[in-house]
Amino acid sequence: MPDPTQVLRSPGADPEVAVPSNPCVMLIFGASGDLTKRLLVPSIYNLACDGLLAENFAVLGTANNVWTDEAFREYLTTEIKKFHTRKEFDQGVWDKLVQKFHYVSGSFTEQKVYAELKTRMTTLDDKFGCQGNKLFYFAVAPKFFGTLCDNLHNNGFKEGDGWKRIIVEKPFGTDLASALKLNREVLANWQENQIYRVDHYLGKETVQNLLAFRFANGMFEPLWNKNYIDNIQFNVSESVDVEGRGGYYDHSGVLRDMMQNHMFQMLSYLCMEVPGSFEPDAIRDEKAKLLQSVRRYTPEEVARYVVRGQYGPSQSKPGYREEKDVNPQSKTETYAAARFAIDNWRWEGVPIYLRSGKALWKRGTEIVVEFKKAPAVIFKGTPVTELGANRLVFHIQPYQGIEIQFAAKTPGPAMRLQPVHMKFGYGDAFRGSRYTGYEVMIYSASRGDATLFSRGDLVEAAWQVAQPIVDHWAATPADFPNYVRSTWGPKAAAELIAKDGRRWHEVVTEDVLKQSALFRDGDPVFMDQVIMALEPLQAYGGEIVIQKGDPGAEMYVIEQGEIEVLDDAGKVIKVLTDGDVFGEVGVLTSAPRNATCRAKSPTDLYRLNKSDFSRILRDNPNFATAIRQVAKDRFNLDVKTESLTKPD
Ligand code: BG6
């Protein structure tokens, strides 16, 4: 589905001054398929609505369905109502646009259809004044890309005036060998500058903005290196499962489906060297160079730095292995987390962490750039004991924005610090129309701008990095499933980063916090304080989180899972679940823990350490009252107001 949250108007901020696409006849192979109705046609429609589509434009669709032009138009007219992304559907624009759509029935694997396609393209070119320009869109399975390229070449589609360009959909290869083969096939009769390989992440405004952010602002680039940056985290969490695409996904997995393409694109934008200009190849040279500098792992390094996961069932939904069209013994990973290294002058020694998975607790794509900490020595003799790291967070989706996290002094006579943030939200700064992300692809390809498309060498470099992981995983057994649906993923991922003394930066949203009655009625200041202070933590089933008698240095909120509270004999006296808090009493009273708490199943938690907890209690009397009530209800304990508010 087009992403309803995207705020996009890529090809020019102001349609009145933006130049429309170049005239062309666009030939879509796979015109009766999903991509055409869900993304391509809504994108062409958006371009038309915003005055960005050339008047001299026509579409010729082809597929096996036996349709006339009229039947094709009727089909599209029904589908566009479902898939357009605008607030209001503009019937006038559509009625005019739909007349530009035409259709030829037939199989593109058979030679006979090409004569008819060619004749129709020529007729449409004459009728619509397209100057001989031809845009071919391969919305078909990758195994046909080579055949299509050959057939177009052999049937004379490259002849005549005007440009000829091909847009190919992903995936581009399923491993290094197949990507090399595909590049050879596609380039046998076509030039690299005629091939536009789609990666729809490059169509996202927030991804494109990484370049504007880095290169249009003087204050960040000087810091953009190993001297100032401690680590970078890329996170693409999806709450959806394989959504009925088991047949495809079981031969893919998250490494191929998300990391090798979409995430490596973001990685190269964020970490590449400064290009000499905004010319497509100046940017693509730097992207390819960056990926060529990513270390290719040995099997031992894969085992050490990359973890994989597969979701198991939840109470109400099947695990991956029970999904339709999935092998019941499947070793396909639906989750992966990795630590990569970039061996160049800028990034040597800076860990680059990537993680992505399906059926996770929330949907969210973020890039977190964590800076090195300031030395705390200057705060000696003040209540400040430790300084946090500054972070720059790129919120790619669904929330779109950029955030800087830093420390500020809390109001009052003492020098105390609180983590705070400055945020820029796209929705606050721009009035954008919602786009699907494909508009800019069609528009740019028509204008010969390949910036947003993958060049062959980049695709190959990305496979060079992924291939050792593919090979190692194929050769070793997988202990699957290893995470439960709707959780933060396998604990091995948390351990991977914990080994380096770091943690994943989870983006906590108000909706998540509001699951807990304690936080539900909080005002914006309170919510903000809590969100900035929470640290994510995972516990295995059976793992002790709090041991009776230990000092209470932190409290916990259960994101999801179950925590058993045990009496002295080890008997379970209570089971706490999603949204419940525990560990607060020890922190409140500074007394040793009065009970042991153990995870019953794999559990995702937030930890709030004592100094943040005390500060939040001091600042928020309502929260202090609610916490006092929890202590009363659970342990019949009367916590004095002073103990809640006394400075730590
Ligand atoms: C596609 C993958 O390329 O990207 C899907 O095949 C994935 O499995 C999707 O869900 C994610 O795209 P987006 O734009 O929703 O982040």
Side-chain angles (χ1 to χ4, degrees), residues 171 173-180 234-238 241-242 245-264 267 291 294-313 318-323 325-343 351-360 460-485 487-500 504 538 540-543 602:
T174 52
D175 57 11
L176 179 60
S178 59
L180 291 170
F234 293 79
N235 172 44
V236 181
S237 297
E238 295 193 276
D241 54 25
V242 288
R245 294 159 74 218
Y248 151 76
Y249 199 87
D250 212 29
H251 296 103
S252 177
V254 76
L255 179 69
R256 293 180 168 98
D257 190 51
M258 292 301 303
M259 279 195 180
Q260 182 276 340
N261 41 46
H262 308 323
M263 295 187 80
F264 282 5
L267 168 71
L291 288 185
V294 177
R295 191 176 308 163
R296 280 84 169 118
Y297 281 152
T298 61
E300 295 71 38
E301 286 172 321
V302 174
R304 198 151 137 219
Y305 296 129
V306 194
V307 303
R308 54 182 159 164
Q310 188 191 75
Y311 63 87
Y320 176 72
R321 289 178 176 181
E322 292 90 53
E323 298 276 15
D325 300 327
V326 168
N327 175 351
Q329 270 94 45
S330 176
K331 265 175 69 180
T332 301
E333 80 291 351
T334 59
Y335 182 99
R339 173 193 158 142
F340 287 108
I342 302 175
D343 290 324
I352 311 287
Y353 299 103
L354 268 63
R355 63 182 169 142
S356 178
K358 295 224 178 258
L360 296 175
E460 288 174 16
W463 276 117
Q464 302 264 13
V465 179
Q467 191 64 43
I469 307 173
V470 170
D471 292 344
H472 182 70
W473 284 354
T476 48
D479 189 13
F480 284 166
N482 61 351
Y483 71 99
V484 180
R485 267 175 178 273
T487 64
W488 290 348
K491 193 172 178 199
E495 289 167 347
L496 173 84
I497 191 166
K499 276 194 286 195
D500 297 342
W504 295 110
Q538 282 173 286
Y540 286 118
E543 190 175 328

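Reckoned from all heavy atoms, side chains included, excluding hydrogens, waters and symmetry mates. Positions are given from 1, in the same order as the sequence printed here.
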Could you give the distance from [atom1] ([X]) to [atom2] ([Y]), rounded to the nearest 0.5 Å?
{"X": "Ser252", "Y": "Glu333", "atom1": "OG", "atom2": "CD", "result": "7.5 Å"}
{"X": "Tyr249", "Y": "Thr334", "atom1": "OH", "atom2": "OG1", "result": "6.0 Å"}
{"X": "Met258", "Y": "Ser356", "atom1": "CE", "atom2": "OG", "result": "4.5 Å"}
{"X": "Gln538", "Y": "Glu495", "atom1": "CD", "atom2": "CD", "result": "8.5 Å"}
{"X": "Ile497", "Y": "Arg355", "atom1": "CD1", "atom2": "CZ", "result": "7.5 Å"}
{"X": "Asp250", "Y": "Asp325", "atom1": "CG", "atom2": "CG", "result": "9.0 Å"}

Nearest heavy atoms of [X] and [Y], plus distance in Å:
{"X": "Val484", "Y": "Pro602", "value": "CG2-CG, 4.3 Å"}
{"X": "Pro318", "Y": "Arg485", "value": "O-NE, 2.6 Å"}
{"X": "Thr174", "Y": "Arg256", "value": "O-NE, 2.5 Å"}
{"X": "Gln464", "Y": "Pro468", "value": "O-CD, 3.2 Å"}
{"X": "Phe480", "Y": "Thr332", "value": "CE1-O, 3.8 Å"}
{"X": "Leu354", "Y": "Trp504", "value": "O-CH2, 3.9 Å"}

Would you please say whether a donor-acceptor pair under 3.5 Å links the side chains of [X] and [Y]?
{"X": "Tyr248", "Y": "Asp257", "result": "yes"}
{"X": "Tyr305", "Y": "Glu300", "result": "no"}
{"X": "Asn235", "Y": "Tyr353", "result": "no"}
{"X": "Arg321", "Y": "Gln329", "result": "no"}

Requested in this report: Would you sort out whether Glu460 and Leu180 count as a side-chain contact (heavy atoms from CB on, under 4.5 Å), showing the intermediate values?
Outcome: CA-CA 7 Å; Glu460 288 174 16; Leu180 291 170; 3.2 Å; yes
Query - Ring centroid separation Phe340 to Phe264 under 6.0 Å - result: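 Ring centres of Phe264 and Phe340 closer than 6.0 Å.
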Query raised in the report: Does Glu238 reach the main-chain N or O of Gly357 with its side chain, forming a donor-acceptor pair under 3.5 Å?
Result: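 The answer is no, because no donor-acceptor pair under 3.5 Å joins these two groups.
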Report task. Examine distances only and state if a side-chain atom of Ser330 and a backbone atom of Val326 form a donor-acceptor pair shorter than 3.5 Å. Result ->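 Checked: no pair found.
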Close side-chain approach of [X] to [Y], heavy-atom, < 4.5 Å:
{"X": "Leu267", "Y": "Val294", "answer": "yes"}
{"X": "Lys491", "Y": "Glu543", "answer": "yes"}
{"X": "Val236", "Y": "Met263", "answer": "yes"}
{"X": "Tyr311", "Y": "Glu323", "answer": "yes"}

Requested in this report: Could you give me the CA-CA distance, side-chain angles and deciding distance for Lys331 and Trp473, then say whether side-chain contact (heavy atoms from CB on, under 4.5 Å) is met?
Outcome: CA-CA 9 Å; Lys331 265 175 69 180; Trp473 284 354; over 6 Å; no
Report task. I would like to know whether Tyr335 and Gln310 meet side-chain contact (heavy atoms from CB on, under 4.5 Å); could you show each step before the answer? Result -> CA-CA 6 Å; Tyr335 182 99; Gln310 188 191 75; over 6 Å; no
Query raised in the report: Below 4.0 angstrom, N of the basic side chain to O of the carboxylate: do Glu301 and Arg296 qualify?
Result: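 The answer is no: the pair does not qualify as a salt bridge.
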Report task. Go through the steps for Asp471 and Asp175 under the test side-chain contact (heavy atoms from CB on, under 4.5 Å), then give the verdict. Result -> CA-CA 10 Å; Asp471 292 344; Asp175 57 11; over 6 Å; no
**Report entry** Test log, rule salt bridge (Lys or Arg N to Asp or Glu O under 4.0 Å), inputs Lys358 and Asp241
**Finding:** CA-CA 5 Å; Lys358 295 224 178 258; Asp241 54 25; over 6 Å; no
